[in-house]
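All remarks here apply to the structure that follows.
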Protein chains: 2
Amino acid sequence: MPQPSTAVLMFVAYRHAEKRIVDFLAESGFGDITLAQGRIAARLSEDGLRLTELAEQAQVTKQTAGFLVDQLEAAGYVERVPDPSDARARLIRLAPRGRQVQRRARVMERRIEAEWERHLGAERMADLHASLADLREITDPYR
Amino acid sequence: MPQPSTAVLMFVAYRHAEKRIVDFLAESGFGDITLAQGRIAARLSEDGLRLTELAEQAQVTKQTAGFLVDQLEAAGYVERVPDPSDARARLIRLAPRGRQVQRRARVMERRIEAEWERHLGAERMADLHASLADLREITDPYR
DNA sequence: GATAATCGTCAGAGAATCTTACCATTCCGG
DNA sequence: CCGGAATGGTAAGATTCTCTGACGATTATC
């Protein structure tokens, strides 16, 4: 790779951040969260989300999403409740332990972004974020 | 995810690009290349690289790298040759078919970057690439 | 030369993912 | 309002990717 493409450069930085967050969570007493579970859990809130939507957003099949949610549920991070508007569906929402781990993950997320800002300067960091957010319009079908 | 972090935004764009490249390769007659194989193959050249270095750069264990190189070798994309400077080692280098697929991947890579540039404008695209390249200094241990 | 480090492989296991098929519920056109 | 199509989710099974631990061969170090 003489000149890594823009996309590969994104991957390098992303994976660095992801790994540091998972390691940090392990140190914080959440050692049972895997990377794949984290990608799912990051998309949940207390509001609840259907499995189908979750799977679309996370870009996996609903079977895969269900598999990971099963594990998160068994570990006490999420819970499934009936969807009042549709008896076929259930809403997946963060349990208290899930909120804890999400708060903890955000701590490291902010720390990493602070490092990046120190390295790039505030203005370039803001531009970087803005450009990435704009790219989402043409790269994220589930925006 | 109310406000996706910078890292997650990187992942979204990266995955979009990666998927489009793999799909494009499949249409181009390279339907046997998987995503994981592609991440390995992207780092190779005709010069040859040791398995250990390849594994470090791709951020996988050398067993995993070996597993993927076995498949790439069986499919004719790469070949292993003795390392003249060390009898323990072998160099993994692109075979002719590997060079073909890499050229093809670069076509789509450039196409995607052109789309991004149309969306952001030339200046912001250049800034994005430069910032990502700078971040690599603090995010990529194998730079 | 003896010892330690490095390069790669083998064996075995676990995690994540997919495809195909299916049931239950809801939506919709006639 | 009824019957077919669509949607939400699960089940079963296979495949792919990845890791840990152990090991033989070669090289580097003292």
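Nothing here was measured: the structure is a model prediction, and the numbers come from that model. A note on names: the letters A, B, ... follow the listed sequences, proteins ahead of strands, and every chain is numbered from 1. Computed from heavy atoms alone, side chains included, the values below leave out hydrogens, waters and symmetry copies.
Ionic pairing of Glu18(A) and Arg39(A) is present here: one or more N-O contacts between side-chain nitrogen and carboxylate oxygen are shorter than 4.0 angstrom. Note on Glu115(B) versus Arg20(B): salt bridge recorded, some NZ/NE/NH1/NH2 to OD/OE distance being below 4.0 Å. Salt-bridge formation is detected for the pair Asp83(B)/Arg50(B): a Lys NZ or Arg NE/NH1/NH2 atom is positioned less than 4.0 Å from an Asp or Glu carboxylate oxygen. A salt bridge is defined here as a Lys NZ or Arg NE, NH1 or NH2 lying under 4.0 Å from an Asp or Glu carboxylate O, and Arg124(B) with Asp134(A) meets this definition.
Nearest heavy-atom pair across Pro4(B) and Arg136(A) is CG-NH1, 3.3 Å.
Note: CZ (Arg39(B)) to P (dT16(D)) measures 16 Å, nearest angstrom. In this structure, CD of Gln59(A) is placed 16 Å from C1' of dA16(C), rounded to the nearest angstrom. Here the P atom of nucleotide dA16(C) and the NZ atom of Lys62(A) are 21 Å apart, to the nearest Å. Put simply, CG on Asp32(A) is 14 Å from C1' on dA15(C), counting in whole angstrom units. When the P atom of dC17(D) is taken as reference, atom CD of Glu18(B) falls 12 Å away, rounded to whole Å. Regarding Glu56(A), its CD atom lies at a distance of 11 Å from the P atom of dT7(D), rounded to whole Å. Per the geometry, CG belonging to Leu54(A) stands 12 Å off P belonging to dT17(C), to the nearest Å. The distance from atom CD of Gln37(B) to atom C1' of dT18(D) is 14 Å, rounded to the nearest whole Å.
For the pair Arg97(A) and Phe30(A), the NZ or CZ position fails the cation-pi test of under 6.0 Å to the six-membered ring centre and within 45 degrees of the ring normal. Cation-pi geometry between Arg15(B) and Tyr14(A) is not satisfied (NZ or CZ under 6.0 Å from the ring centre, within 45° of the ring normal).
Side-chain proximity of Arg88(B) to dC17(D), dC7(C), dC18(C): nearest is dC7(C). Of the candidates dT26(D), dG8(C), dT18(D), dG8(C) carries the atom nearest the Arg90(B) side chain, counting heavy atoms from C-beta on. Of the candidate nucleotides dC17(D), dT20(D), dT26(C), dT20(D) has the atom lying nearest to any side-chain atom of Gln63(B). Considering only side-chain atoms of Arg50(A), the nucleotide from dT26(C), dG9(D), dA16(C) that sits closest is dG9(D).
Residue Thr34(A) has a polar side-chain atom (N or O) positioned under 4.0 Å from OP1 or OP2 of dA16(C). The phosphate of dC17(D) (OP1 or OP2) has no side-chain N or O of Thr64(B) nearer than 4.0 angstrom. Checking the phosphate oxygens (OP1, OP2) of dT7(D), no side-chain nitrogen or oxygen of Thr52(A) falls inside 4.0 Å. Contact check, Arg80(B) against dT9(C): a side-chain N or O comes under 4.0 Å of OP1 or OP2.
Checking Arg104(B) against Gln100(B) by side-chain atom types alone, no donor-acceptor pair falls below 3.5 Å.
Scanning atom types as modelled, no donor and acceptor separated by under 3.5 angstrom connect the side chain of Gln71(B) and the base of dT16(D).
Comparing Thr61(A) and Asp86(A) along DNA chain C, the residue whose closest nucleotide (by nearest heavy atom) sits nearer the 5' end is Thr61(A).
Terminal axes of the helix from dG1(C)-dC30(D) to dG30(C)-dC1(D) (five pairs each, C1' rotation axis) are separated by 40°, to the nearest 10°.
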